[in-house]
Amino acid sequence: MRGLATILVTGGAGFIGSNFIRYLLDGKSGFTGRVINLDALTYAGNPANLAEIEAAYGGDRYFFEKGSIGDAALVDGLFERYRPDTVVHFAAESHVDRSILGPRAFIETNVLGTFTLLEAARKHWKGGRDDALFHQVSTDEVYGSLGTDGAFTEETPYNPRSPYSAGKAAGDHLAMSYHHTYGLPVTLSNCSNNYGPRQFPEKFIPLMIQNMLEGKDLPVYGDGKNIRDWIHVEDHNRAVWLVLNRGKAGEKYNIGGENEWENIRLLETLIAITARKTGRGERQIRETITRVSDRPGHDRRYAIDCGKIKRELGWKQEIAFEAGLEQTVDWYLANQDWVKNIQSGEYRRWIEVNYGGR
Ligand code: NAD
Ligand code: DAU
């Protein structure tokens, strides 16, 4: 029987992690325990993502701890103080383009940080505990790139092709090795591209929405025909919660939207929605689509076969893509303060470095 009394969430101030903590504490999940959020607040972490949670539950059911998962003394101290029975490990450097321009942080967090967390869990949960669980949140990108047919299954061999996905793959292998070698209760999930509110506007969907709102060019890499499988962040997090409750230690679960889109076709849809909501001309926005040079090693297509989690845990997607996109555009329209706050000097420098030459 899983404990699920004290959950240590890493990276809970980021896009998916903050949504997960909201889901845990807002009553929909049925969770009644407390959450410890360990986040280094890198450029992608934003405490404003959890301001209402802090106000409602801070110091009672919600505890924020600023720090790195790679800081062994800090992580050890958190295990001592809070005695978590569950770790949900979201913290990562997550942007592929950044990993191409500067891979070191990706190895430090996604590989060494994961190792440090696993070591702490091994030390504090030694002797075998069937109420404990370490859940490693991973990505479909570790499987590599698909041709025109087929989909990744849990049996597809890992074949990462960017420093980001190679680091995630290394973290995944370490997590599973701790299960096999030390008996650490570990589950792992590989999810496809998430979208929804509070995604940092370096990723495709929020970047395009924000650029449209600011009248900027819409940079499409290569021929625009790369394919991603999109899932709403809330559908992803309901799946993670199910794995925590009913997933089997030592098992991995694919999570996906079963919703493949060519980038250019998705952008056209986003343009239509944004034009309608802002009253701007669709043709005028389309003229700002700009072909830029391709991402090096750009994976062509991802698609997830999520039959296992549907069959074994009874999960399914609930948010239709059109409705989810509408809600996401509405959120960015209504939360321009949030965007402006994070458009810090560092963020502007990144846009300059990544897009300056193309
Ligand atoms: P994000 O970049 O929005 O958030 C990452 C969070 O981790 C930030 O709050 C950041 O401050 C924190 N962080 C980074 N380094 C840290 C460190 N050393 N110690 C503590 N905290 C640190 O990322 P996201 O999109 O929310 O992704 C979360 C997880 O989900 C990642 O593990 C990612 O690989 C995985 N994932 C993401 C997607 C996606 O489409 N975004 C899809 C599948 C899986
Ligand atoms: O598949 C899951 C992964 O999805 C996660 O593991 C990653 O953390 C997450 O960042 C995401 O990776 P992608 O590289 O697929 O997402 P991104 O939003 O960066 O890009 C989506 C597609 O859009 C990809 O084919 C590249 C393209 N793109 C992206 C940007 C930022 C553009 O054409 N122009 C752009 O400016």
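The first residue of the sequence shown is numbered 1, and numbering continues consecutively from there. When a ligand or atom number is given, it counts from 1 through the structure's own listing order.
Protein heavy atom in closest approach to atom 36 (O) of ligand 2: Tyr355 OH, 2.8 Å. The closest protein non-hydrogen atom to atom 34 (N) of ligand 2 is Pro219 O, 2.8 Å. Nearest non-hydrogen protein atom to atom 19 (O) of ligand 2 is Arg295 NH2, 2.9 Å. Atom 1 (O) of ligand 2 has as its closest protein heavy atom Asp140 OD1, 2.5 Å. Protein heavy atom nearest atom 24 (C) of ligand 2, with residue, atom name and distance: His298 NE2, 3.4 Å. Ranking the protein heavy atoms by distance from atom 18 (O) of ligand 2 puts Phe204 N, 2.8 Å first. Protein heavy atom closest to atom 16 (O) of ligand 2, with residue, atom name and distance, is Asn193 ND2, 3.5 Å. The shortest contact between atom 8 (O) of ligand 2 and any protein heavy atom is with Ser94 O, 2.7 Å.
For Glu312, there are no salt bridge (Lys or Arg N to Asp or Glu O under 4.0 Å) partners at least two apart in sequence or on another chain. Under the side-chain hydrogen bond (donor to acceptor under 3.5 Å, both in side chains) criterion, Lys277 pairs with Glu326, Asp330, sequence neighbours left out.
Using a 4.0 Å heavy-atom criterion, the residues that approach ligand 1 are Gly11, Ala13, Gly14, Phe15, Ile16, Asp39, Ala40, Leu41, Thr42, Ala44, Gly45, Gly67, Ser68, Ile69, Phe90, Ala91, Ala92, Ser94, Thr109, Val137, Ser138, Thr139, Tyr164, Lys168, Cys191, Ser192, Asn193, Asn194.
Within the 4.0 Å heavy-atom criterion, the part of Leu207 lying near ligand 2 is the side chain and not the backbone.
The hydrophobic cluster containing Val96, built from Ile/Leu/Val/Met/Phe/Trp/Tyr side-chain heavy atoms closer than 4.5 Å, also comprises Ile100, Phe106, Tyr164.
At least one donor-acceptor pair closer than 3.5 Å links the side chain of Arg280 to the backbone N or O of Met212. The backbone N or O of Arg295 sits nowhere less than 3.5 Å from a side-chain atom of Asp97 that would complete a donor-acceptor pair. Put simply, the side chain of Asp229 gets close to the backbone of Gly257: a donor and an acceptor are under 3.5 Å apart.
Asp235 and Trp315 form no side-chain donor-acceptor contact under 3.5 Å, judged by distance and modelled atom types alone. Side-chain contact annotation: Arg98 with Tyr43, donor-acceptor N/O pair under 3.5 Å present. Checked by atom type, the side-chain pair Tyr62/Glu54 shows no donor-acceptor distance below 3.5 Å. Side-chain contact, Ser189 with His135: a donor N or O sits under 3.5 Å from an acceptor N or O.
Counting the atoms of ligand 2 from 1 in the order shown, those under 4.0 Å from a heavy atom of Lys203 are 10 (O), 18 (O). Using a 4.0 Å cut-off to heavy atoms of Tyr164, the atoms of ligand 2 that qualify are 5 (C), 6 (O), 7 (C), 8 (O). Here is the list of ligand 2 atoms found below 4.0 Å of a heavy atom in Val220: 33 (O). Less than 4.0 angstrom separates some heavy atom of Glu202 from each of these atoms of ligand 2: 31 (C). The contact set between ligand 2 and His95, taken as ligand atoms under 4.0 Å from a residue heavy atom, comprises 19 (O). In the vicinity of Thr139, heavy-atom distances shorter than 4.0 Å reach the ligand 2 atoms 1 (O), 2 (C), 3 (C), 5 (C), 6 (O). For ligand 2, the atoms lying closer than 4.0 Å to a non-hydrogen atom of Asn263 are 22 (C), 23 (O), 24 (C), 25 (O), 27 (C). Close contacts of ligand 2 with Asn226, meaning ligand atoms under 4.0 Å from a residue heavy atom, involve 25 (O).
Proximity annotation for atom 15 (O) of ligand 2: of Arg228, Arg301, Arg291, Arg98, Arg228 comes nearest, heavy atoms only. Nearest to atom 33 (O) of ligand 2 by heavy-atom distance, out of Tyr221, Phe15, Phe200, Tyr195, is Tyr221. The option with the heavy atom closest to atom 12 (O) of ligand 2, from among Glu141, Glu262, Lys168, is Glu141.
Between Phe90 and Phe20, the ring-plane angle classifies as tilted under the 30° and 60° cut-offs. Using the six-membered ring where Trp is involved, Tyr82 and Phe63 have ring planes that are tilted, between 30° and 60° apart. Note on ring orientation: taking the six-membered ring where Trp is involved, the planes of Tyr143 and Tyr158 are perpendicular (angle over 60°, cut-offs 30° and 60°). Aromatic ring pairs are classed by plane angle as parallel below 30°, tilted from 30° to 60° and perpendicular above 60°; the pair Phe321 and Trp261 is tilted.
Judged by a 6.0 Å distance limit and a 45° cone about the ring axis, Arg198 is not positioned over the six-membered ring of Phe15.
Electrostatic pairing of Lys340 and Glu214 counts as a salt bridge here, judged by a charged N lying under 4.0 Å from a carboxylate O.
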